Amino acid sequence: MKLDKTRLFAKIYGSLIGAAVGDALGGPVEGLDYDEIERRHGRVETMLPYQKPPAEHGQFRNEPGSYTDDTRISLLHCCAILASRGEVTRGDLAQEVTDYYYRHRGELERAFSEEYHLKGLYGARKLIYGGQPTNGAIMGNTPLGLIHPAAPRAAFGVAFELAYLTDGYAKESAAIAAAAVAAAMRPAATVASLVEEALEAARWHRREGPLWSKTTDKFAWARFEARLNEDLVRTAIEVAERHRDVFALRKELYPQLKVGPLGSEAAQTLAVALGMLAAAGGDYRQTVIGAVNYGRDNDSYAAVAGGIAGALNGVKAIPREWVSTVLAANPEPDIHELAVRLTELTLARHRESERTLKDVEGLLGP
């Protein structure tokens, strides 16, 4: 069996390159509101060159298709997964970030990894980005869902542990996104099914008392403190289902999803990504275009949305010219090769699980 001809590979590669494509499409217009994007560029549907200087959390090169820190973090996750043979821990990711930091001497590369590197060393003593619940973890943790296909609870658990890159409710945001990718890997997955499975994984993971659960059901302030991610995702899905158009929903959604002034809050990132997926009916191209043209921290929105939509549809759903432009602008590391290796690893883990199940079945007799 040629693994690169399987549906498993198509979904893994589709998710990895799908996230990178979304990142690269959104990068040149990152930080602009949607009306400003329209004034400058119309609707962004092609890869644009960058008009701003390279930056540690932006692009390293200005040619069209260059991706940003979102994809660089994703590729570090891939390396940590492969190095640990799939049993990846927070320490494995911290090790990869540390290795990256010391392998590179350039200021851009070191500045990109410095915060994550120090957070890995000092934990809670290092308040990364001032303790803000940014999308530092959710924007690049797609691979954690890919190695747990059809197992969103497992993906949620490992993603929550590895979300040391951020703080507060953003850890749950990152874990929900990974769970959504895992659910999207199911052969019969739909937008509705992957959203529900991802939110169910979050509910399963929480530990709440019955009295607090009643309080969160009753008061909006309590839901903000305890269930912000679910609240914003539900809001985004409801608006998306009313409009069924990735452009028409923006005016209504903008004020409802604005958590704070950053635009890079993790819960907002999750809600925009899933809202665009719902508005587009799961279509990869429209999902990513919607996220890019939404504005704000749109490269991150599009990276998360592209990773989920790529896992749902497979690589054939992604326009070839987008893929070729991203690969040409970023030849190293080889994303196709990483997808092959992740597919091999995922299959090996599946076969090990099958052996374990057979052993357990052997214990069920007298």
Side-chain angles (χ1 to χ4, degrees), residues 7-8 10-19 21-22 25 138-139 141-142 144-146 148-153 155-156 159 172-204 229-250 252-253 256-257 266-294 298 300-319:
R7 194 171 179 185
L8 176 63
K11 282 176 167 279
I12 289 177
Y13 186 38
S15 186
L16 287 182
I17 193 65
V21 162
L25 275 168
I138 187 177
M139 69 185 188
N141 74 348
T142 287
L144 301 177
L146 299 178
H148 293 95
R153 288 184 177 181
F156 186 103
E172 186 186 68
S173 309
I176 292 173
V181 171
M185 295 287 284
R186 291 192 192 278
T190 64
V191 174
S193 71
L194 71 86
V195 169
E196 288 307 317
E197 284 199 77
L199 294 179
E200 188 281 330
R203 290 191 293 272
W204 170 80
N229 287 294
E230 184 167 354
D231 218 25
L232 293 191
V233 168
R234 295 288 187 201
T235 296
I237 297 296
E238 288 172 8
V239 173
E241 290 178 345
R242 278 201 299 275
H243 290 278
R244 295 292 179 183
D245 182 294
V246 297
F247 299 102
L249 57 68
R250 297 178 299 188
E252 181 178 354
L253 208 52
Q256 296 194 61
L257 295 189
Q268 181 175 185
T269 301
L270 175 67
V272 172
L274 292 177
M276 288 300 172
L277 187 72
D283 179 80
Y284 175 87
R285 186 177 186 277
Q286 282 299 105
T287 296
V288 170
I289 286 175
V292 167
N293 287 278
Y294 186 82
N298 48 358
S300 295
Y301 305 159
V304 175
I308 299 170
L312 180 65
N313 296 289
V315 68
K316 288 184 178 179
I318 307 173

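Starting from 1, each residue takes its place in the sequence as its number. Values below: all heavy atoms of this structure, side chains included; hydrogens, waters and symmetry mates excluded. Quick caveat, the model's predicted, so the values are computed rather than measured.
- Listed for the Arg244 side chain is a donor-acceptor partner under 3.5 Å among the backbone atoms of Ala278.
- Side-chain N or O atoms of Arg7 include one that pairs as donor or acceptor with a backbone N or O of Pro187 at under 3.5 Å.
- In this structure, CG on Leu257 lies 7.0 Å from OG1 on Thr235, to the nearest 0.5 angstrom.
- Proximity of a side-chain donor or acceptor of Asn313 to a complementary backbone N or O of Asp283 within less than 3.5 Å is not detected.
- Between the Arg186 side chain and the Ala183 main chain, no donor and acceptor come within less than 3.5 Å of each other.
- Counting heavy atoms from C-beta outward, Ile308 and Leu274 have side chains that approach closer than 4.5 Å.
- Using modelled atom types, no side-chain atom of Asn141 and backbone atom of Ala159 make a donor-acceptor pair closer than 3.5 Å.
- Atom CG of Asp245 and atom CZ of Arg250 lie 8.5 Å apart (nearest 0.5 Å).
- Side-chain contact check for Asn293 versus Val246: every heavy-atom pair is 4.5 Å or farther apart.
- In this structure, CG on Asn229 lies 4.5 Å from CD1 on Ile176, to the nearest 0.5 angstrom.
- At least one side-chain heavy atom of Ile12 sits under 4.5 Å from a side-chain heavy atom of Met185.
- Taking the salt bridge (Lys or Arg N to Asp or Glu O under 4.0 Å) definition, one finds that Glu230 meets it with Arg203, Arg206, Arg234, sequence neighbours left out.
- Under the salt bridge (Lys or Arg N to Asp or Glu O under 4.0 Å) criterion, Asp231 pairs with Arg223, not counting sequence neighbours.
- In this structure, Ala271 and Ala236 approach most closely via the heavy-atom pair O-CB, 3.3 Å.
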Discussion item. Using the rule given for side chain to side chain contact (heavy atoms under 4.5 Å, CB included), can you reason through Val292 versus Val288, listing the C-alpha separation, both sets of side-chain angles and the distance that settles it, and then say yes or no?
Written reply: CA-CA 6 Å; Val292 167; Val288 170; 4.2 Å; yes

Practice prompt. Evaluate side chain to side chain contact (heavy atoms under 4.5 Å, CB included) for Leu249 paired with Met276, printing each intermediate quantity in order.
Written response: CA-CA 9 Å; Leu249 57 68; Met276 288 300 172; 3.6 Å; yes

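- In this structure, Ala179 and Phe156 approach most closely via the heavy-atom pair CB-CB, 4.2 Å.
- Here Tyr284 pairs with nothing under the ring pair (Phe, Tyr, Trp, His ring centres under 6.0 Å) rule; sequence neighbours left out.
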Discussion item. Gln268 vs Tyr301, test: side chain to side chain contact (heavy atoms under 4.5 Å, CB included). Steps then yes/no.
Written reply: CA-CA 9 Å; Gln268 181 175 185; Tyr301 305 159; 3.4 Å; yes

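- The minimum heavy-atom distance between Ala155 and Ala182, with the atom names listed, is CB-CB, 3.7 Å.
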Worksheet item: Hey, mind stepping through Leu194 and Leu277 against side chain to side chain contact (heavy atoms under 4.5 Å, CB included) and telling me if it holds?
Response: CA-CA 11 Å; Leu194 71 86; Leu277 187 72; 4.0 Å; yes

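- Annotation: side chain of Arg153 is in contact with side chain of Glu200 (closest heavy-atom distance under 4.5 Å).
- Side-chain atoms of Ser15 come within 3.5 Å of backbone atoms of Gly307 as a donor-acceptor pair (strictly under, hydrogens ignored).
- Formation of a donor-acceptor pair under 3.5 Å by the Lys11 side chain with backbone atoms of Ala184 is found in this model.
- Minimum heavy-atom separation, Thr287 to Ala305: CG2-CB, 3.7 Å.
- Here the closest non-hydrogen pair linking Leu144 and Ala178 is CB-CB, 4.4 Å.
- Nearest heavy atoms, Thr142 versus Val181: O-CG1, 3.8 Å.
- Using modelled atom types, no side-chain atom of Asn298 and backbone atom of Tyr294 make a donor-acceptor pair closer than 3.5 Å.
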